[in-house]
Student: 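First the structure, then my questions, so here it is.
Side-chain atoms are counted along with the backbone in the values below, which use heavy atoms only and exclude waters and symmetry mates. In this chain, residues are counted from 1 in sequence order.
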Amino acid sequence: MSPTLFIMQCLNGLQLGVLLFLMAAGLTLVFGIMNFVNLAHGSLYMVGAFIAATIYNHTGSFALAALAIIPAMLLLGLIVEFVALKTLYDRDHLDQVLATFGLILFFNELARMIWGPSPYYMEVPEWLSGTVDLAGIQYPAYRFLIIVVGMAVAVGCYLLIHKTRIGMLIRAGSTHRAMVGALGVNIVLLNSLLFGLGAVLAGIAGLMAGPILSVQPGMGEPILILTMVVIVIGGIGSVRGAFLAALIVGVVDTVGRTLLPTLLRGMLDRSTADTAGPALASMLIYLVMAAVLAIRPQGLFPVKHG
């Protein structure tokens with residue numbers, strides 16, 4: 001593999017990593033801080049992609065789609081939380097899994113009813129269809145934008161959780177819910193806003209993924225699995241861990257799919273290498289997760305309380 005190709009694959013892995021972080025950040029807030037298992041988070045990502053693609057295809061403005069996705073997903077998140085999930089916070093995880101799995105089926109069928117079963121395409125904006133020069137390497141401008149947006153969201157999440165009063169209440173409510181409520185904080189409203197923020201982050205991930213992936217019903221489940229891997233590797237409840245683990249998973253997955261078949265060709269015949277390489281590459285991130293859990297069951301960057 002040439003150095004240029006390797007660097008390109010690392011950049012692609014970084015782009016996949018920040019896209020996974022956009023998903024993992026919202027799921028970490030809901031799962032790690034609220035202790036709520038939300039399997040429907042991938043469905044919010046799918047709906048966000050469909051809403052963004054619809055607005056973009058009708059207006060031709062990517063900026064308008066980006067502006068509209070935030071209030072649209074916040075409203076959707078608040079509605080879903082109020083109608084279907086609010087009464088499940090104090091129930092066990094099995095009830096939460098069953099309820100949110102039902103939401104997956106509901107949103108998939110709703111997407112088929114509204115947008116049809118065929119893929120719904122969203123083109124890369126013309127002003128982002130070129131390339132940017134990164135130390136002599138021409139990298140697609142839109143993929144570079146995804147990296148920039150992901151980094152900006154990571155900084156924003158850090159500032160929100162660690163530098164604001166709301167973040168202080170979120171952290172306190174995650175470990176001392178009854179005490180925070182006794183001090184006069186509306187925990188119910190705080191949880192609703194936190195769930196809405198998670199929905200917004202999922203919608204932003206759907207917006208950014210729309211032009212590079214086909215938008216279709218069921219697109220949320222594969223990325224939800226990768227997001228769960230990210231959260232487990234990073235440490236449940238840790239936004240910092242989710243960010244670093246997302247970058248690890250993105251780079252390992254992307255570089256592995258390119259590098260492993262090449263390495264195997266040096267040890268096996270070409271046909272066997274071309275068959276075994278992609279299969280092993282698809283297993284690589286799960287092997288990484290297994291290794292992390294064997295060494296650090298709490299994840300690489302667990303939350304430190306106290």
Student: Tell me whether His58 contacts the main-chain N or O of Thr54 through its side chain, where contact means a donor paired with an acceptor under 3.5 Å.
Tutor: yes
Student: Could you tell me which non-hydrogen atom of Ala209 sits nearest to which non-hydrogen atom of Leu19, and how far apart they are?
Tutor: CB-CD2, 4.0 Å
Student: Does a side-chain heavy-atom distance below 4.5 Å link Leu14 with Thr254?
Tutor: no
Student: Between Ile104 and Ala40, which heavy-atom pair has the shortest distance, and what is it?
Tutor: CG1-CA, 4.0 Å
Student: Can you tell me how far apart CZ (Phe243) and OG (Ser238) are? Round to the nearest 0.5 Å.
Tutor: 12.0 Å
Student: What I'd like to find out is whether the side chain of Phe50 reaches to under 4.5 Å of the side chain of Leu110, using heavy atoms alone.
Tutor: no
Student: How long is the span from the CG atom in Leu103 to the CG atom in Leu39, to the nearest 0.5 Å?
Tutor: 9.5 Å
Student: Say you draw a straight line from CD1 of Ile114 to CZ of Phe107; how long is it, rounded to the nearest 0.5 Å?
Tutor: 10.0 Å
Student: When the ring planes of Phe36 and Tyr89 are compared, do they come out parallel, tilted or perpendicular, using 30° and 60° as the limits?
Tutor: perpendicular
Student: Which heavy atom in Leu44 sits nearest to a heavy atom in Ala202, and how many Å separate them?
Tutor: CB-CB, 4.0 Å
Student: Is there a donor-acceptor contact under 3.5 Å linking the side chains of Gln96 and Asn38?
Tutor: no
Student: Do Ile79 and Leu85 share a hydrophobic cluster, counting only Ile, Leu, Val, Met, Phe, Trp and Tyr and linking them when any side-chain heavy atoms are less than 4.5 Å apart?
Tutor: no
Student: With a cut-off of 6.0 Å (strictly less than), are more than 12 heavy atoms of other residues, nucleotides or ligands near OH of Tyr286?
Tutor: yes
Student: Compare all side-chain heavy atoms of Asp133 with those of Ile137 and state whether any distance is below 4.5 angstrom.
Tutor: no
Student: I'd like to check Phe195 versus Leu78 (side-chain heavy atoms, cut-off strictly below 4.5 Å). Are they in contact?
Tutor: no
Student: So do Asn57 and Tyr120 actually touch side chain to side chain, heavy atoms under 4.5 Å?
Tutor: yes
Student: side-chain contact (heavy atoms from CB on, under 4.5 Å), that's the test. Do Thr164 and Leu159 meet it? Break it down for me.
Tutor: CA-CA 7 Å; Thr164 67; Leu159 294 177; 5.6 Å; no
Student: Do you know which two heavy atoms are closest between Glu81 and Ser192, and how far apart they sit?
Tutor: OE1-OG, 3.0 Å
Student: Mind checking the OG1-CG spacing from Thr100 to Leu105? Nearest 0.5 Å is all I need.
Tutor: 10.0 Å
Student: Counting C-beta onward and ignoring hydrogens, is there a side-chain heavy-atom pair between Val239 and Leu29 closer than 4.5 Å?
Tutor: yes
Student: A quick test of your reading: do over 12 heavy atoms of other residues, nucleotides or ligands sit less than 6.0 Å from CZ of Arg91?
Tutor: no
Student: Could you go step by step and tell me if Val255 and Cys10 meet the side-chain contact (heavy atoms from CB on, under 4.5 Å) rule?
Tutor: CA-CA 6 Å; Val255 174; Cys10 288; 4.0 Å; yes
Student: Could you go through Leu247 and Phe21, starting from their C-alpha distance and side-chain angles, then the distance that decides it, and tell me whether this counts as side-chain contact (heavy atoms from CB on, under 4.5 Å)?
Tutor: CA-CA 8 Å; Leu247 298 186; Phe21 171 71; over 6 Å; no
Student: Ile285 and Leu293: same hydrophobic cluster, using ILVMFWY side-chain contacts below 4.5 Å?
Tutor: yes
Student: Please say whether more than 12 non-hydrogen atoms of neighbouring residues, nucleotides or ligands are located less than 6.0 Å from CD in Glu123.
Tutor: no
Student: Should the heavy atoms of other residues, nucleotides or ligands under 6.0 Å from CG of Leu67 be counted, would the total exceed 12?
Tutor: yes
Student: Less than 4.5 Å apart, side chain to side chain, heavy atoms only: is that true for Met23 and Leu201?
Tutor: no
Student: Between Ile69 and Leu64, is there a shared hydrophobic cluster once you connect ILVMFWY residues whose side-chain heavy atoms come closer than 4.5 Å?
Tutor: yes
Student: Rounded to the nearest 0.5 Å, how far does CG of Leu134 lie from CD1 of Ile7?
Tutor: 10.0 Å
Student: Grab the two heavy atoms, one from Ala111 and one from Met46, that are nearest each other, plus how far apart they are.
Tutor: CB-CE, 4.0 Å
Student: Which pairs would a plain distance check flag for residues 141-153, meaning a side-chain donor or acceptor within less than 3.5 Å of a matching protein atom at least two apart in sequence or in another chain?
Tutor:
residue	atom	partner	partner atom	Å
Tyr142	OH	Met208	O	2.8
Arg143	NH1	Gln15	OE1	2.4

Student: Can you see whether Asn12 engages Tyr139 through a side-chain donor-acceptor pair at a distance of less than 3.5 angstrom?
Tutor: yes
Student: Are Tyr158 and Leu244 connected in the hydrophobic side-chain network, where two residues link if heavy atoms are under 4.5 Å apart?
Tutor: no
Student: Do Leu193 and Ile166 have side-chain heavy atoms sitting under 4.5 Å apart?
Tutor: no
Student: With clusters defined by side-chain heavy atoms of hydrophobic residues (ILVMFWY) lying less than 4.5 Å apart, directly or transitively, does Val155 cluster with Ile204?
Tutor: no
Student: What verdict does the side-chain contact (heavy atoms from CB on, under 4.5 Å) test give for Leu207 and Phe62, after you've listed the backbone C-alpha separation in whole Å, the side-chain angles of each residue and the deciding distance to 0.1 Å?
Tutor: CA-CA 9 Å; Leu207 163 75; Phe62 184 81; 3.9 Å; yes
Student: Any idea which heavy atoms bring Ala99 and Leu88 closest together, and the distance?
Tutor: CB-CD1, 3.3 Å
Student: Which donor-acceptor pairs under 3.5 Å do the side chains of residues 211-230 make with protein atoms, sequence neighbours left out?
Tutor:
residue	atom	partner	partner atom	Å
Ser214	OG	Gln216	NE2	3.3
Glu221	OE1	Asn108	ND2	3.4
Thr227	OG1	Ile223	O	2.6

